[in-house]
Undergrad: 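A single structure is presented below for examination.
Only a predicted model underlies this, so the values are computations on that prediction, with no experimental measurement involved.
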Amino acid sequence: MSPEKLTTIITSIILFCWIGFIIAWERMSPYRKGLKFFREGFWIDLVWYTLIQSYFLKIIIFDYIITPLKAQFDLSHFQFVSSWPVALQVLFFLFTHDLYIYLFHRFQHSNKFFWRIHEAHHSGKEVDFLAGSRSHIMEIIINQTIEFAPIILLGADPIVIPIKAMLDAMFGMFIHGNIKVNMGKLKYIINSPQLHLWHHANYQEVFHANFSTKFSFWDYLFGTAYDPGHTPGNKPENWGLYYDYPKDYFLQHAFSVKRFDEKKLLKYRWFNWYYHLRPRFMNWLIAIMPAKLKTAIPVKINSAPKLEIEQQPVTLVTEQENVLQQN
């Protein structure tokens, strides 16, 4: 067995153990109490974004983008990183890519076009360990090509890829996890839910703050850190986007190209049938589930809760005050 395959197996085992650990941590010490495990959008994030999209994008990125690039721009002969210890290679790419992600993420929040391929990531009202997987196809293609292409083009050890991918997934689940954690002084170095969950809140103060992924010191270094010392609140309007956003995977991608009102499109028979297909299937699935499992799932799929406005020491985003998100 090649070292790369062996490393992939080991990192996969570690990742599955980490998933179990994060799930248990969310149950024992929740940031927001009362969030169900099978929350709204859980199956979209798991099936479409985590499993199906990730599988096909891996093929597209590595086989149809990076492989042709390597054939034209193989830089391994420069021996830039190939002679380094594997641990140093991993740290180098972890650090440099995290700086890129911070800068690109910050740019997405200030550019109307690139916000369109990022808003899906902010659309969830109930953020947990799986919510980080919700990202637009184009956003993943851009970020992961820029992440993994240098590793291959510069001739790094092949085992750097599965190690780096594992660390990405572990950090992604941790910072989005519904976990109440106090990092103490470490919060200035390592990112955590303490900072990142605020980034997913629907407040003006954080739309241009807390962009870091792994290393929070980027936010402190560039003056974009926001940590008021309390939680955003536990109402639906405290989280996600202030405007209506499609709940369906394909409609979410269509919405990034052309804005539309789902309710107005329901007059078309084909759209009405498609729009209610997933809720009908989910409700049928819930109906045949054992009673114990039903308690962890919303009683009715696609039902809209009544919103109750709660006073907060920060300012909710409104349509008039932030046109970037809507346009």
Undergrad: State whether a side-chain donor-acceptor pair under 3.5 Å links D219 with Y226.
TA: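 No.
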
Undergrad: Hey, what's the ring geometry for F104 with F107, parallel, tilted or perpendicular (30° and 60° as the breaks)?
TA: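 The arrangement is tilted - the two ring planes meet at 30° to 60°.
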
Undergrad: Going by distance alone, is a donor N or O of one side chain under 3.5 Å from an acceptor N or O of the other, for T224 and Y102?
TA: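 Yes, side-chain donor-acceptor contact under 3.5 Å.
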
Undergrad: Could you check whether R32 and N178, counting side-chain N and O atoms only, form a donor-acceptor pair closer than 3.5 Å?
TA: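 No.
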
Undergrad: Would you mind checking if E147 and K164 are paired as a salt bridge, meaning a charged N to carboxylate O distance below 4.0 Å?
TA: yes

Undergrad: Is it true that E119 and Q252 share a donor-acceptor pair across their side chains at a distance under 3.5 Å?
TA: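 No, no side-chain donor-acceptor contact under 3.5 Å.
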
Undergrad: Look at the aromatic rings of W198 and H230 and report parallel, tilted or perpendicular, splitting at 30° and 60°.
TA: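 W198 and H230: perpendicular rings.
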
Undergrad: Evaluate the criterion side-chain hydrogen bond (donor to acceptor under 3.5 Å, both in side chains) for residue pair D248 and Y274; output intermediate values, then yes/no.
TA: CA-CA 10 Å; D248 176 80; Y274 174 77; 2.7 Å; yes

Undergrad: Aromatic rings H200 and H122: how do their planes relate, parallel, tilted or perpendicular, breaks at 30° and 60°?
TA: parallel

Undergrad: Taking the side chain as every heavy atom from C-beta outward, state whether R39 and D128 have any pair of such atoms under 4.5 Å apart.
TA: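 Contact flag for R39/D128 side chains = yes.
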
Undergrad: Examine the side chains of H176 and H121 and answer whether a donor and an acceptor come within less than 3.5 Å of each other.
TA: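 Yes, side-chain donor-acceptor contact under 3.5 Å.
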
Undergrad: Please determine, by modelled atom types, if Y242 and E237 share a side-chain donor-acceptor pair under 3.5 angstrom.
TA: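 No donor-acceptor contact under 3.5 Å links the two side chains.
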
Undergrad: Could you check D63 against K58 for salt bridge (charged side-chain N to carboxylate O under 4.0 Å, His left out), going step by step and ending with a plain yes or no?
TA: CA-CA 8 Å; D63 295 351; K58 180 183 177 182; over 6 Å; no

Undergrad: Would you call the rings of H109 and H208 parallel, tilted or perpendicular, where under 30° means parallel and over 60° means perpendicular?
TA: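 Plane angle over 60°, so perpendicular.
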
Undergrad: With rounding to the nearest 0.5 angstrom, report the CD1 to CD1 distance, I179 to I23.
TA: 10.5 Å

